Amino acid sequence: MTSLELRQINKSYGAYHALRGIDLAVEEGEFIVMVGPSGCGKSTLLKTIAGLEGITSGQILINGRDVSKAEPGERGIAMVFQSYALYPHMTVAENMGFGLRMAKRPRAEIDAAVTRAAKILRITDQLEKRPKQLSGGQRQRVAIGRAITRSPDVFLFDEPLSNLDAALRTQMRVELSSLHAELGATMVYVTHDQIEAMTMASRIVVLNQGLIEQVGSPLELYRNPDNLFVAGFLGAPRMNFLSVNVDETSGRSVRVSAPGLSPVTVELANPVSLHKGAGLTLGVRPESISVVADGSEAGAIEGHIRLVEHLGRETILYVDAKDVRTVASESGTGNVTVQLSYVAPFKIDQPVTLKLDATELYLFAPDGGRTISSRKAIIDL
Ligand SMILES: Nc1ncnc2c1ncn2[C@@H]1O[C@H](COP(=O)(O)OP(=O)(O)OP(=O)(O)O)[C@@H](O)[C@H]1O
Ligand SMILES: [Mg+2]
């Protein structure tokens, strides 16, 4: 059953169009993760679902009921913010029962809901404390507990873990995933954290400038991005984008090359009509590049190491390949990023020969960056 449906949601702040025709159907029990650059409209979208912001046009349905104009308290949602927004003068138990007290539920029902939520979140022994006597992680649990006690149809989370330290964040991430499994609840979760998005989501929604770029399972989006934006947004370190030209096309493959890059053939799942000499963007993830001895191989790039990051289980190389033209490069250091899954004794300024894995290449159209060729999805130009 569809738990939450957004139909053509538009939201303007004066002349600024913050949400531009958002369509999304969320099935009951799904864990939807929203990602996108700062300012793309993630919080605005959650707030319109919650009813904290009105919409300019469109419809919001929760369990089939149009709640577009309903008060926040009547929508069957609960929202958890980054700032826990707990009442400092109330105990943990009072904070958690607040929503139900406001709804004038009977005392016994409130107590039962608080007890149950505290048990799920393992804060039963903290119930009489005040928020200031709790750690950040415990406070975040109380905020989540307050949402659970209301048994909402849809949970909304806006970067709930971003104030926590790395270890606690990992722990809470795992706890939230099991909470989701336990409650079977529908959740919409906003985060900037790639690992949270990849590990928690049933489906990820990538937003950009108030528009949905793509919706899909984490691996679908990672392996078959619809366009250059999604390809560049998911994955850290980010995908490399090189400016290339078509040398030759033969039915199911296209050979591309560029200054500083020896010709490499990209296999296509479907034939694409491309002109010889056409300019395209070649995408290659940092983990699909290796360091080799022989520069005469296909897809080879010569460069110098600008920076090495030894992360223990992996090594990241930022390489300056001076002849290679990159597109939408972000890293201020070097223009090709390489991720090696081993400890490599590389040093700054060392010359290296890189080789792109020809089976892991992406091609994007020049304007708009639509994907021409990815792991599976192929679109004709
Ligand atoms: N009350 C408001 N008045 C005018 N503009 C607003 C208002 N609230 C948000 N905006 C604008 O709408 C856009 C989307 O804001 P929003 O808070 O949804 O971004 P976000 O995706 O949550 O970003 P972040 O990742 O930084 O939290 C921004 O450009 C912001 O400046
Ligand atoms: Mg936000």
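Values in this document were obtained by computation on a predicted structure and should not be read as measured data. First listed ligand is number 1; within each ligand, the first listed atom is number 1.
- The protein non-hydrogen atom at the shortest distance from atom 11 (C) of ligand 1 is Tyr16 CE2, 3.9 Å.
- In the hydrophobic clustering of this structure, Leu361 does not group with Leu234; members are Ile, Leu, Val, Met, Phe, Trp, Tyr whose side-chain heavy atoms approach within less than 4.5 Å, directly or through other members.
- For the Mg ion (ligand 2), the N/O/S atoms of Ser43 include one lying under 2.8 Å.
- Residue Leu45 has no N or O atom closer than 3.5 Å to an N or O atom of ligand 1.
- Under a 4.0 Å criterion applied to the non-hydrogen atoms of Ser43, ligand 1 contributes the atoms 17 (O), 18 (O), 20 (P), 22 (O), 27 (O).
- The shortest separation from a heavy atom of Glu159 to ligand 1 is under 4.0 Å, placing the residue in contact.
- Placement of Ile49 and Phe157 in two distinct hydrophobic clusters is found when ILVMFWY residues are connected by side-chain heavy-atom separations under 4.5 Å, directly or transitively.
- Here the heavy atom of the protein found nearest to atom 3 (N) of ligand 1 is Tyr13 CD2, 3.4 Å.
- Looking at Asp158 and Ser43, their side chains do bring a donor and an acceptor atom within 3.5 Å of each other.
- Using a 4.0 Å heavy-atom cutoff, Gly41 is listed among the residues neighbouring ligand 1.
- Between Glu5 and Arg7, at least one side-chain nitrogen of the basic residue sits less than 4.0 Å from a carboxylate oxygen of the acidic one, meeting the salt-bridge criterion.
- Regarding atom 18 (O) of ligand 1, its nearest protein heavy-atom neighbour is Thr44 OG1, 2.5 Å.
- Here the protein heavy atom with the shortest distance to atom 14 (C) of ligand 1 is Gly39 O, 3.3 Å.
- Ligand 1 has no N or O atom lying under 3.5 Å from any N or O atom of Ala18, backbone or side chain.
- Looking only at atom types and distance, the side chain of Asp193 has no donor-acceptor partner in the side chain of Thr191 under 3.5 Å away.
- A donor-acceptor pair under 3.5 Å is formed between the side chain of Arg75 and the backbone N or O of Ala70.
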Test log, rule ring-ring contact (aromatic ring centres under 6.0 Å, His included), inputs Tyr362 and Phe241: CA-CA 9 Å; Tyr362 296 80; Phe241 297 112; 9.0 Å; no

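- For atom 24 (P) of ligand 1, the closest heavy atom belonging to the protein is Ser38 OG, 3.6 Å.
- Side chains of Gln214 and Asn227: no donor on one and acceptor on the other come within 3.5 Å.
- Ion pairing of Glu94 with Arg101 is absent here, as no side-chain N (NZ or NE/NH1/NH2) approaches a carboxylate O to less than 4.0 Å.
- For atom 31 (O) of ligand 1, the nearest protein heavy atom is 4.0 Å or more away.
- Of all atoms in ligand 1, listed by their number and element, those nearer than 4.0 Å to a heavy atom of His192 are 24 (P), 25 (O).
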